[in-house]
Amino acid sequence: MTLPDTPVHPAGADRTFQVDLRGLVDLLSHHLYSSPRVYLRELLQNAVDALTARHGLEPGAPADAFGIRLYADGSVVRVEDDGVGLTEADVHAFLATIGRSSKRAEGIAEQRGDFIGQFGIGLLSCFLVADEIHVLSRSARTPDAPAVEWRGRGDGSYTVRTLPASARPRPGTTVTLTPRADAGEWTRPAQVHALARHFGSLLRHPVTFDDGTGAPGGQGGPGASVNPEPAPWARTYPTPGARTRALAAFGEEVFGFKPLDTIELDLPAVGLKGIACVLPEAVPAGRRHGHRVHVKGMLLSERAEEILPEWAFFVRCVVDAESLRPTASRESLYEDDTLAAVRDALAERLRAWIARAAASDPDLLGRFLQAHHLAVKSLAVHDDEILRMLLPWLPFETTDGHTTLDEFARTHRTVLVTSSVEEFRQVAAIASAAGLGVVNGGYTYDRELVHRLPEIRPEASVADLDPATLTAHLDPVDRETELAAAAYLALARDALAVFDCDVALRTFQPASAPALLVDSREARHERTRSQLAREQEGGIWGDILGALRQEAPRAQLILNQLNPLVRTAVTIAEPELARTSAEALYGQAAMLSRRPLRPAESSLINRSFLDLLAQALRKDS
């Protein structure tokens, strides 16, 4: 990494890139790694890979024969391993060449899948917290190998020297950092121990920590274990119930919530094990939680969204895998066919859990659907098996209240579904009183799922609700009443013509409702387009919009003859008061529909209220 004086090259000669190490470290810190804390993960990873190589040389050695020891006392940070070590040639080849990894060495390259690191730049992360890296190593491949010392500095220079074997009696590697003053946040003893626990709690090799205080055992004394127990799914338990409780407790410790249930994950083909914790409360649709992914025991990411499909936002996972590829930063997963296959397999495990709950644990299923019905609806839209299993159980908003489609279809042979929430709110009370069964289809997935009900219940009929269906169930008034109200209705139609609204008189329940505004979003859009075409008439946009224009459907204000206020209003003879009362009835019905009011409608509501108030005050005076 030393930068020599710039040589003079003959014309056409090959040249070598010159590397600005400080610039490269700055690039790593700002664009590759998310935080300087990753330096410890990289050191742990290199140590684990060295131990893996050592076990490859000595396959008969016990799994815990070789380990990793951490030391941090505030002045230095040291990571020591009993791994395969490096020869002098290895040091020159791998530590002094950016991007070259010892895992590519002869005899190891074919085993690279056994190692966490694949990129050969991890040691550079130490320059994020220190200006000098000191490495002392002795190779296990040669019994009488000398110790080798390498010192790399942030200015790009390094030195190498061999030392007597006594300088390091046993094979392995020790990396020592002298932290910079501005790196204390990441190199204090307590922080080093916390980072070691964070990244290495599931490592399969023993890792210990010493804070230099000399206190035996404890959190930071000599021999304090970083990973005292294997992963919870790798332990044995006296009963299945004890295993379930232990996995749930682990999930609560990791994620900070008590899982509604815990799903054990096991994919032997890729060496993946772990758990999925079902969230006890609903989450907004599309909000994807990060999952905690370990690779060969080393924590890779706490925000790995790509491990599960988008619809699985009702769980959070912690997994450990053998065959998933990390990216160069080792903070996310490389998107390849293996990851795609893992994602599909984990999705199948979640489907199987839902099916199992539906078949054998209705209480759990009920609690799950109460919290996560939206996630299940999104899955049911694309998954016929889940649709058949769970559609009858899913809750929907209906004119009978919140109920399942199964219960609703028992009461209503014809199920009507609205296209929007506002349309449902306009008609719910009147439709219920008329005995119509209407489902709110305005929420995500609901309308599509209701239309698939006949696939599950062939005897059920589903149709979209339109204004004609509703008005057909409203009773007409007698001819004498209609004629008596004709003058008022004409004035009302004239007053509301600006809103393309017709006015009719009917009788319907509940009698407390003075009026019903029947209007659809599609009809309003068509009227808006027609209005725009009229305004643009003669221009190119007028021609385009005119070609699209159809006969714009009109809204309908249906007055309820059973309501005392309406019976009084239709007898008003004074034209201005009749118009004002019609406007007020329209405004009240528009507000009850809960749809967004147009500026003209808001103005009408204010004006009609003030006019009626003025009329009342004049009458009292």
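Closest approach of Leu364 and Leu260 over heavy atoms only: CD1-O, 4.0 Å. Taking both residues in full, the closest heavy atoms of Ala130 and Thr178 are given as CB-O, 3.5 Å, listed atom of the first, atom of the second, then distance. Between Ile354 and Leu390, the shortest heavy-atom contact is CG2-CD1, 3.1 Å. Here the shortest heavy-atom pairing between Asn227 and Gly200 reads CB-O, 3.6 Å.
When the options Val76, Val129, Leu195, Leu40 are evaluated for a side chain to side chain contact (heavy atoms under 4.5 Å, CB included) with Thr187, the one that passes is Val129.
Using a 4.0 Å cut-off between a side-chain N of Lys or Arg and a carboxylate O of Asp or Glu, Arg351 and Glu385 do not qualify as a salt bridge. Taking 4.0 Å as the cut-off between side-chain N and carboxylate O, Arg69 and Asp210 do not count as a salt-bridged pair. Note on Glu306 versus Arg343: no salt bridge recorded, every NZ/NE/NH1/NH2 to OD/OE distance being 4.0 Å or above. Using a 4.0 Å cut-off between charged side-chain N and carboxylate O, Glu264 and Arg356 make no salt bridge. Ion pair Lys296/Asp49 not flagged as a salt bridge, since none of the NZ, NE, NH1 or NH2 atoms sits closer than 4.0 Å to an Asp/Glu carboxylate oxygen. A salt bridge links Arg168 with Glu80: the distance from a Lys NZ or Arg NE/NH1/NH2 to an Asp or Glu carboxylate oxygen falls below 4.0 Å.
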Working for ring-ring contact (aromatic ring centres under 6.0 Å, His included), residues Phe368 and Trp353: CA-CA 11 Å; Phe368 170 67; Trp353 174 83; 5.0 Å; yes

Stepwise salt bridge (Lys or Arg N to Asp or Glu O under 4.0 Å) test for Glu58 and Arg54: CA-CA 6 Å; Glu58 304 175 36; Arg54 179 77 180 270; 2.6 Å; yes

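Taking the six-membered ring where tryptophan is involved, the planes of Phe314 and His372 are tilted, since the angle between them lies from 30° to 60°. Ring planes of His193 and Phe209: tilted class, angle from 30 to 60°.
At most 12 non-hydrogen atoms from other residues, nucleotides or ligands lie less than 6.0 angstrom from CG of Asp337. The number of heavy-atom neighbours closer than 6.0 Å to CZ of Arg235, taken from other residues, nucleotides and ligands shown, is above 12.
Arg78 forms a cation-pi arrangement with Tyr71, by the criterion of a distance under 6.0 Å to the ring centre and an angle within 45° of the ring axis.
Rounded to the nearest 0.5 angstrom, Thr174 OG1 and Asp81 CG are separated by 7.0 Å.
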